[in-house]
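What follows is one structure encoded as structure tokens, with my remarks underneath.
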Number of protein chains: 2
Amino acid sequence: MRPRRTRQLAAVEDVLLAASDHPTAAQIHERVAQLMPQVSLGTVYRNLEKLAQAGRAVVVRFDGEVTRYDGTVESHDHFVCRGCGCIVDLFAEVGPAVDTGALERAGYAVAEHSLAVFGTCPACA
Amino acid sequence: MRPRRTRQLAAVEDVLLAASDHPTAAQIHERVAQLMPQVSLGTVYRNLEKLAQAGRAVVVRFDGEVTRYDGTVESHDHFVCRGCGCIVDLFAEVGPAVDTGALERAGYAVAEHSLAVFGTCPACA
DNA sequence: CTTTCTGCAAACTCTTTGCACTCGT
DNA sequence: ACGAGTGCAAAGAGTTTGCAGAAAG
């Protein structure tokens with residue numbers, strides 16, 4: 001079961017890397033379809049799954065919303081603006097630090113975390 | 001549109017308050033149905049929505065999982081064990097502190113956050 | 001009585017899957 | 001040629017909703 005480099009897989013990855021808006025599967029399909037009108041939504045889902053498993057895409061889901069995909073693979077958090085709906089990637093320098101020290105002292109082994117901060121972005125304030 | 005105190009609404013809230021396992025809508029329906037066999041899943045969803053809007057229930061959704069409901073209304077985080085699947089409520093004393101200072105200095109108004117920490121719980125280690 | 005709520009079932013949305021065909025290797 | 005990948009359309013899972021009747025105030 002050796003994976004193949006198909007045009008569809010490459011297109012999905014290209015769209016994901018070019019996107020900064022954390023698109024949904026439907027949006028990715030729409031964008032891929034601009035250059036490859038025959039591509040099906042099912043194939044987009046299959047390739048997104050493939051990329052996610054390969055660690056080349058991140059699946060993001062905020063409470064109550066549709067699943068989104070992020071081409072930024074490095075560990076980071078998210079800020080979701082309640083005003084304009086924009087989603088900002090937060091890296092260590094800017095992002096909130098999560099201190100799991102107390103948790104680990106309590107006997108929990110921490111592997112990773114998923115953090116979304118909600119509020120208003122500078123542009124909306 | 002003055003809300004009414006129906007037996008179904010009360011039952012859903014009771015189940016939610018008695019539960020410590022962050023049940024799904026289907027699980028809540030199952031439990032409510034033990035005392036009230038006629039209750040429909042649709043009604044459970046409608047009442048959960050009502051409780052959430054009233055701030056008497058919290059909607060929780062971890063990446064890739066089904067929506068869960070939490071009767072613990074105070075702001076808190078969650079630990080999700082990859083071993084046994086248990087979900088632990090994390091309050092300030094034990095839970096990880098999220099420092100949004102840098103974010104706020106960058107011009108973001110922070111309202112709230114949603115944090116899930118994944119790893120292995122003491123019982124599973 | 002009036003109006004909200006309920007049960008039921010159908011509809012909806014998002015995602016997954018079976019199948020025959022295509023295309024990468 | 002072989003078999004993973006594709007397009008299509010149908011199926012699934014989870015959630016929402018329209019409607020007529022039930023029930024709270």
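Letters go in sequence order (proteins before strands), and every chain restarts at 1. Everything numeric in this text was worked out from a predicted model, so none of it was measured.
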Which of dA24(D), dT6(C), dG14(D) is nearest the side chain of Tyr45(B)? It is dG14(D)
Rounded to the nearest angstrom, tell me the gap between atom CZ in Arg7(A) and atom P in dG24(C).
7 Å
Does dG7(C) have its OP1 or OP2 closer than 4.0 Å to a side-chain nitrogen or oxygen of Gln38(B)?
no
Taking the nucleotide of DNA chain D with the closest heavy atom to each, which residue, Thr24(B) or Thr43(A), is nearer the 5' end?
Thr43(A)
Distance, rounded to the nearest Å, where Leu48(B) contributes CG and dC5(C) contributes P:
14 Å
Gln8(B) CD - dT4(C) P separation (whole Å)
17 Å
Mutual orientation of the aromatic rings belonging to His76(A) and Phe91(A) [parallel < 30°, tilted 30-60°, perpendicular > 60°]
tilted
d(CZ, Arg61(B); P, dA13(D)) in whole Å:
16 Å
Nucleotide dG14(D), atom P - distance to CZ of Phe62(B) in whole Å
17 Å
Go nucleotide by nucleotide along DNA chain D from the 5' end; which of Arg68(B) and Arg5(B) gets its closest nucleotide reached first?
Arg68(B)
Taking only the side-chain nitrogens and oxygens of Lys50(A), find out if one of them lies under 4.0 Å from OP1 or OP2 of dG5(D).
yes
Does Leu17(A) CG have over 12 foreign heavy atoms under 6.0 Å away?
yes
Rounded off to whole Å, could you give me the CD-to-C1' distance for the Glu30(A) and dC14(C) pair?
16 Å
Looking at dT15(D), dT25(C), dT6(C), which one has an atom nearest to any side-chain atom of Arg2(A)?
dT25(C)
Within the modelled atom types, does a donor on one side and an acceptor on the other bring the side chain of Arg4(A) and the base of dG3(D) under 3.5 Å apart?
yes
What's the closest nucleotide to the Thr67(B) side chain, out of dT15(D), dG7(D), dG7(C)?
dT15(D)
CG of Leu9(A) versus P of dC23(C): gap in Å, rounded?
16 Å
Nearest to the side chain of Ser40(A) - dC8(D), dT15(C), dG5(D)?
dC8(D)
Might you point out which heavy atoms bring Cys121(B) and Cys81(B) nearest each other, and give the distance in Å?
N-SG, 3.4 Å
What is the distance from CG of Leu41(A) to P of dT6(D), rounded to the nearest Å?
13 Å
Heavy atoms, side chains only, cut-off 4.5 Å: are Asp99(B) and Asp99(A) in contact?
no
Could you tell me if the side chain of Leu51(A) sits less than 4.5 Å from the side chain of Leu9(A), heavy atoms only?
yes
Between Ala25(A) and Arg46(A), which has a closest nucleotide on DNA chain C that is more 5'?
Ala25(A)
